[in-house]
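Order of the sequence lines fixes the chain letters, A, B, ..., with proteins taken first and strands second; residue numbering starts at 1 for each chain.
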Protein chains: 2
Amino acid sequence: MDKKTAEAMTPCTGCPLLNCSGLKQMDVDRMLEVEAFKQGEIALERGGQLLTQGTRSNEIYTVLSGVLIRFRLMEDGRRQIINFLFPGDLVGLQAMLDEPMTHGVEALTPARLCIFPRDGFIEFVGRNPGMGYDVIWLAAKEESALEEHLVALGQRNARERIAYLALFLVKRAEGTCLASDGRVEISVTQGQVADMLGLSLVHTNRSMQSLRREGLVRWSLNAIEIPDPEAVSQYVRYDPNLSGPRPYL
Amino acid sequence: MDKKTAEAMTPCTGCPLLNCSGLKQMDVDRMLEVEAFKQGEIALERGGQLLTQGTRSNEIYTVLSGVLIRFRLMEDGRRQIINFLFPGDLVGLQAMLDEPMTHGVEALTPARLCIFPRDGFIEFVGRNPGMGYDVIWLAAKEESALEEHLVALGQRNARERIAYLALFLVKRAEGTCLASDGRVEISVTQGQVADMLGLSLVHTNRSMQSLRREGLVRWSLNAIEIPDPEAVSQYVRYDPNLSGPRPYL
DNA sequence: CGTCACCTTGATAGTTCTCAAGGGTCGTGG
DNA sequence: CCACGACCCTTGAGAACTATCAAGGTGACG
C-alpha cells in the first residue's frame, strides 16, 4: 500500500493556511513568489514516511495540513521522538546541508505538504528580506521548542512530562487552528508518548491514568483534552508562550 | 567585580579562528565584509554572564575563544543546561526575534566574543549567498546537537549520558582546536554535568567514578580525558559526526 | 584560620523499568 | 459469521536505577 503520493498543486492564493488566525498574514506579492518557486505537493496518510533517517533529501517542505513527527532511531531499535510538526512548519532545514538526515519524519495524521527544491532555496529566501527573517524565526522557534523538551526530559518526572507534552501539543494545535477549547483530535499512541518523553510504555500508561483521574489531562487514542489549561500550566511550570503569529513559507 | 568588559577590536584578518583546521577557510572579501559589520568585542571571565534569560538583546555574537554554556532556569531554581558553545559558534539567533531570551549564556572559561548588531543582520547576511548558507548550516547543526542531547536524556542511563557528554565535548573541542589526544582542558563542575544531563549531583558523582574506574572517561575539574574514544563511541552508541569544517561569521 | 566551592561516601526512600499476562477493538480471510 | 492477527491499552510484581538527606573531605584563597 502506498503511503506517499505525489499530487496536483494547489495555488498559494488558495492556501489552506491563509485562514488560520495563528499564522501570519501573507501579502499577494510574496505568495506569487513562493508559488513560482514551489515544486509540487505531497500527500501522506497516517504512518506514511516523508523522510528517512540516513538518507539525503533534495527537498524542503512546508506542512499544509496534518501533524507529523520527527524522530531519531538508534541501532538497537530504540527511538526518540524529537518534535511534532504542525501546519506552517518548515521541514528539513537539515536537508540544506547535503548530508544524510539525522532523523526521520512520519505522518501522525493524513498530511499534505508543499515541496521546495533545495537547490536555489537560499537565493529564493534571499530575494525577499522578509523571507530571510521568517526562516530565521522558524529556526529559532524550533530550537526553542527543543529547549523546552530538553527541560522536560531533564527536570521533570513522568507525570509532569506527560502533562507538559499535552499542554504543548494542545497550544501548538490551537495556534494552527487544529484545536479549540483545550482539545485536539490527534491520535498519539502511548508508545509514541513514551518514545518522546523517555519513559517506558508501562509507566507512561500508569502516569496518564493518574493524570486522568485527577482531571488534569485526558489523553485518549483519539484526542487530547485539557479541561483547565491554566491549572496544567502551573502544575508543570511551563508557560506555552505562543508569541506572535507564526510565519510560514 | 566586573565579569563583562568591552574591549578593543581585533581585525578579522588577524582572527584567532583562522588558524583552526576544523573551521572553514574564509576569503578576504568576506572577512572585510564581516569586519565592516562587526560592532565590537566583549571579553568575559569564567562565570561571566553574556545573556540573561528573560531580557531582550540587540546583539548577536560569534565566539572567538573560550567555551560557554547556554541554559534555562525554572522558577524554582532548577536549571537545565541546553548546550555548550565553542569557538566559531553563533550565539543568539533567538535575539533576532525581539522577544525575551528563553535562556541565559554564561562563560565556562575566559571567553572573547565578536559583536554584531541585530539591526541589519538579515540584510548583512543576504548580501552574500555564502553567508546565508552558513547561517542555516549553523542553525541546522545546533538543532542537530540538541537532538543528540534529547536522545541522551530520553534513551540513556546515567553512565551512558555522562560518557556521551564527555565524548561530545571532546570531539567538539577537537574540531575547534581546543583538544588533542582525547583530552580537553575545561573545568566543568559535576553540578553542571548534573544540570545538563538531568541527574542528581550525587548520582553523577558515583557514575563518573564508575566510568573512571573502568578507564572509559576520566573527568576531573580541570579536564576531560577519553583514552579510547572509539570504545566510548561504541559504548554509548553515538557517532560524533564532525561532518565538514564548520563555517563561522 | 575560616570560608567557599567542589568532590566523596553512606544509608534510605522513591521513581521508573522490565517481565509477564490479559483484554479490547478492528479489519481481513476462510 | 467466526477465527485470527495486528495493534493498542491495562495490571501485577519484583528488580533496577536514581534521588534525597546527612556528613565529611579537600584545596584555594583572603
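An end-to-end axis angle of 20° holds for the helix from C:dC1-D:dG30 to C:dG30-D:dC1, taken from five base pairs per end and rounded to 10°.
Applying the salt bridge (Lys or Arg N to Asp or Glu O under 4.0 Å) definition to pairs two or more places apart or across chains, none involves residues 196-207 of chain B. Residue pairs satisfying the ring pair (Phe, Tyr, Trp, His ring centres under 6.0 Å) criterion with at least one member in residues 63-86 of chain A, sequence neighbours excluded, are absent.
Taking the charged nitrogens against the carboxylate oxygens, A:Glu143 and B:Arg70 do have a contact shorter than 4.0 Å, which makes a salt bridge. Checked for salt-bridge contact, A:Asp76 and A:Arg78 meet the test: a charged N lies under 4.0 Å from a carboxylate O. Electrostatic pairing of B:Arg183 and B:Glu185 counts as a salt bridge here, judged by a charged N lying under 4.0 Å from a carboxylate O.
Residues satisfying the side chain to side chain donor-acceptor pair (under 3.5 Å) criterion with B:Tyr235, sequence neighbours excluded, are B:Arg159. Listed by chain and residue number, A:Tyr164 satisfy the side chain to side chain donor-acceptor pair (under 3.5 Å) test with A:His149 (two or more places apart in sequence, or in another chain). Residues passing the side chain to side chain donor-acceptor pair (under 3.5 Å) test with B:Glu99, sequence neighbours excluded: A:Lys141. Taking A:Arg172 as the reference, A:Asp89 meet the side chain to side chain donor-acceptor pair (under 3.5 Å) condition, with sequence neighbours excluded.
Side-chain atoms of A:Leu221 lie closest to D:dC8 of the nucleotides C:dC6, D:dC8, D:dT10.
Counting any heavy atom pair closer than 4.0 Å across all strands shown, B:Arg78 reaches no nucleic acid atom.
Against DNA chain C, the stretch residues 151-169 of chain B makes no heavy-atom approach under 4.0 Å. Using a 4.0 Å cutoff on non-hydrogen atoms, the parts of residues 192-206 of chain A near DNA chain D are A:Val202, A:Asn205, A:Arg206, ordered by number.
Here the closest non-hydrogen pair linking B:Ala139 and A:Ala139 is CB-CB, 4.4 Å.
For the pair B:Met208 CE and C:dC6 C1', the computed distance is 12 Å after rounding to whole Å. Here D:dG12 presents its C1' atom at 12 Å from CD of A:Gln209, a figure rounded to the nearest Å.
For B:Arg212 and C:dC7, the shortest distance from a side-chain N or O to OP1 or OP2 is not below 4.0 Å. For A:Gln190 and D:dT10, the shortest distance from a side-chain N or O to OP1 or OP2 is below 4.0 Å.
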For nucleotides 22-27 of chain C, which of its nitrogen or oxygen atoms have a protein nitrogen or oxygen under 3.5 Å away, and what is each distance?
none

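Listed for the A:Glu160 side chain is a donor-acceptor partner under 3.5 Å among the backbone atoms of A:Asn157.
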Report all side-chain donor-acceptor pairs from residues 190-198 of chain B shorter than 3.5 Å, counting only partners two or more places apart or in another chain.
{"from": "B:Gln190", "atom 1": "OE1", "to": "B:Asn205", "atom 2": "ND2", "distance (Å)": "2.9"}
{"from": "B:Gln192", "atom 1": "OE1", "to": "B:Thr189", "atom 2": "N", "distance (Å)": "2.8"}
{"from": "B:Asp195", "atom 1": "OD2", "to": "B:Arg79", "atom 2": "NE", "distance (Å)": "2.8"}

Problem - Contact state string [nucleotides 23-30 of chain D, B base, S sugar-phosphate only, - no protein heavy atom under 4.0 Å] - result: --------
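Looking only at atom types and distance, the side chain of A:Glu147 has a donor-acceptor partner in the side chain of B:Thr102 under 3.5 Å away.
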